[in-house]
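See below for the structure under consideration.
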Amino acid sequence: MALSPPSRALRLVVMLPIRANLHPVLARNPNIRITTKVASNHSKILPNEFRAVAHARRELAATRDHTVG
């Protein structure tokens, strides 16, 4: 489903403050890390961005001395 221009604009209005608030959270908690930015929205991230999710899991596992199978 393609978003209409007003929907895209609304999404940006909502997401920009959220993204701006990430920096203080990341500064306070070194255990939170952003590994990548994906094009998909939250409802499509697992079906469309499974490679990015798998990569993030492998990175986490490596930092915790675990293996992901």
Side-chain angles (χ1 to χ4, degrees):
M1 178 174 99
L3 292 176
S4 65
S7 295
R8 275 189 222 134
L10 179 59
R11 186 174 65 189
L12 284 176
V13 167
V14 170
M15 292 306 297
L16 287 176
I18 292 171
R19 288 182 182 149
N21 287 324
L22 281 176
H23 297 291
V25 171
L26 295 171
R28 283 193 310 266
N29 190 339
N31 295 317
I32 299 174
R33 223 172 92 208
I34 297 174
T35 61
T36 190
K37 182 177 177 181
V38 297
S40 297
N41 63 27
H42 68 279
S43 65
K44 301 287 184 188
I45 194 163
L46 288 178
N48 294 346
E49 308 293 348
F50 61 91
R51 287 179 188 89
V53 173
H55 177 72
R57 289 187 63 210
R58 283 191 294 274
E59 282 187 356
L60 178 61
T63 63
R64 302 239 177 187
D65 229 11
H66 297 287
T67 58
V68 176

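What you see is a predicted model; the values in this text were computed from it and never measured. Numbers here simply count residues along the sequence, with the first being 1.
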Run H55 and E59 through side chain to side chain contact (heavy atoms under 4.5 Å, CB included) and show every step you take. CA-CA 6 Å; H55 177 72; E59 282 187 356; 2.9 Å; yes

Under 4.5 Å between side-chain heavy atoms, counting indirect links through other Ile/Leu/Val/Met/Phe/Trp/Tyr residues: same cluster for V25 and I18 or not? no

Taken to the nearest 0.5 Å, the spacing of L26 CG from N21 CG works out to 11.0 Å

